[in-house]
Amino acid sequence: MRFVKNRYPVILWLALLAGLFTAAGGTITPVIAQNAEAETECDIHEGPCSLDLDGREVKLEISPKPVKAMKDLTFTVEVSGPALSDPPHIDLDMPDMEMGRNRVEMKEQDENTYTGTGVIVKCPSGKKTWQAVITIPETGKAAFVFDVVY
């Protein structure tokens, strides 16, 4: 592995490229504005969980209760505010371990209410803490951390 002792030339090249891109009519949008993130821990077995994401309330409900691994589950997402251009989607994963792609595609049920079905797999390690990361178009990502029942 080769280490770069002086990073200034790299930074200067990046700044030069950004300047040329902007001068050619391109725009550079700050990444943080498009990737706003919020996270909360919730007791999904007691009812829906909610959090504020960039001025929108995002609510997640999973049924049936208790939320069990290896069972068909219905995910319901409500998003306050103006209508979304596209439905959100949910990526299910463990906070501390990569479990592979497990995406729940959502469809609009009512205005600002979306549903989809999916399965939370059983982790071979026996850990029960999962997260549902909801990607909301034009807003960002909302992460809900919860425990499942095996």
Side-chain angles (χ1 to χ4, degrees), residues 1 4 7 10-11 14-15 17-22 24-150:
M1 181 182 285
V4 178
R7 294 185 183 168
V10 173
I11 294 170
L14 290 174
L17 287 173
L20 290 173
F21 179 74
T22 304
T27 59
I28 298 175
T29 305
V31 176
I32 193 89
Q34 294 179 353
N35 293 320
E37 291 190 28
E39 181 177 315
T40 188
E41 291 187 25
C42 68
D43 187 353
I44 199 69
H45 306 289
E46 291 297 316
C49 299
S50 64
L51 57 75
D52 181 81
L53 176 66
D54 200 27
R56 290 182 182 255
E57 181 185 19
V58 179
K59 190 181 296 184
L60 172 67
E61 173 74 288
I62 305 174
S63 58
K65 306 261 187 252
V67 177
K68 294 183 178 182
M70 305 307 292
K71 301 286 182 189
D72 289 331
L73 300 169
T74 299
F75 296 81
T76 303
V77 173
E78 292 180 36
V79 182
S80 70
L84 302 175
S85 61
D86 291 307
H89 64 266
I90 301 174
D91 289 305
L92 300 169
D93 206 353
M94 298 189 90
D96 300 325
M97 185 181 314
E98 179 65 38
M99 293 296 290
R101 183 173 179 191
N102 186 355
R103 179 167 285 180
V104 178
E105 299 293 342
M106 309 294 287
K107 293 183 181 177
E108 187 171 21
Q109 288 301 118
D110 294 316
E111 186 176 338
N112 293 346
T113 302
Y114 304 86
T115 61
T117 58
V119 175
I120 297 173
V121 299
K122 186 173 181 179
C123 179
S125 73
K127 293 182 180 180
K128 299 178 181 181
T129 302
W130 281 80
Q131 69 180 0
V133 179
I134 305 170
T135 301
I136 301 167
E138 298 103 27
T139 306
K141 296 181 180 188
F144 294 90
V145 179
F146 54 90
D147 289 332
V148 298
V149 176
Y150 286 162

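Using a 4.5 Å heavy-atom cutoff, the side chains of Phe75 and Ile134 are not in contact. Side chains of Val145 and Thr40 form no contact here, defined as non-hydrogen atoms less than 4.5 Å apart. Put simply, the side chain of Leu84 reaches to within 4.5 Å of the side chain of Ile136, judged on heavy atoms. In this structure, the side chains of Ser63 and Thr76 stay at 4.5 Å or more apart for every pair of heavy atoms. Lys68 has its side chain out of reach of Val148: every pair of non-hydrogen atoms, C-beta onward, lies at least 4.5 Å apart. In this structure, the side chains of Val149 and His45 come closer than 4.5 Å at one or more pairs of heavy atoms.
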- Message: Pair Val133, Asp93 - check side-chain contact (heavy atoms from CB on, under 4.5 Å), show working.
- Response: CA-CA 8 Å; Val133 179; Asp93 206 353; over 6 Å; no
- Trace of the side-chain contact (heavy atoms from CB on, under 4.5 Å) decision for Val77 with Lys59: CA-CA 6 Å; Val77 173; Lys59 190 181 296 184; over 6 Å; no
- Task: Please assess Ile62 against Phe144 for the test side-chain contact (heavy atoms from CB on, under 4.5 Å), listing each intermediate value before the final yes or no.
- Result: CA-CA 11 Å; Ile62 305 174; Phe144 294 90; over 6 Å; no
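Asn112 approaches Ser80 most closely through the heavy-atom pair ND2-C, 4.3 Å. Between Ala132 and Ile90, the shortest heavy-atom contact is CB-CG2, 3.7 Å. The minimum heavy-atom distance between Asp54 and Thr139, with the atom names listed, is CB-CG2, 4.0 Å. Pro64 and Asp72 make their closest contact through CD-O, 3.9 Å (heavy atoms, listed as atom of the first residue, atom of the second, distance). Residues Ala83 and Arg56 come closest through the heavy atom pair O-NH2, 4.5 Å. Closest of all the heavy-atom pairs between Leu53 and Gly140 is CD2-C, 3.9 Å.
For the atom pair CG of Leu92 and CE of Met99, the computed distance is 10.5 Å after rounding to the nearest 0.5 Å. Note that NZ of Lys107 and OH of Tyr114 are 14.0 Å apart. Values are rounded to the nearest 0.5 Å. How far CE of Met106 is from OG1 of Thr113: 9.5 Å, rounded to the nearest 0.5 Å. Put simply, CE on Met97 and NZ on Lys127 are 4.5 Å apart, with the number rounded to the nearest 0.5 Å. Rounding to the nearest 0.5 Å gives a distance of 10.5 Å between CE of Met94 and NZ of Lys128. Here the straight-line distance linking atom CG of Asp96 with atom CD of Gln131 works out to 8.5 Å at 0.5 Å rounding.
Counting heavy-atom neighbours within 6.0 Å of Glu108 CD, excluding the residue itself, gives a total above 12. Heavy-atom neighbours of Lys122 NZ from other residues, nucleotides or ligands within 6.0 Å: at or below the threshold of 12.
Tyr150 places a side-chain N or O within 3.5 Å of a backbone atom of Cys123 that can act as its donor or acceptor partner. Of the possible polar contacts, one joining the Lys65 side chain to the Ile44 backbone as a donor-acceptor pair under 3.5 Å is found. Using a distance-only test at 3.5 Å, with no hydrogens or angles considered, a donor-acceptor pair links the side chain of Asn102 to the main chain of Val119.
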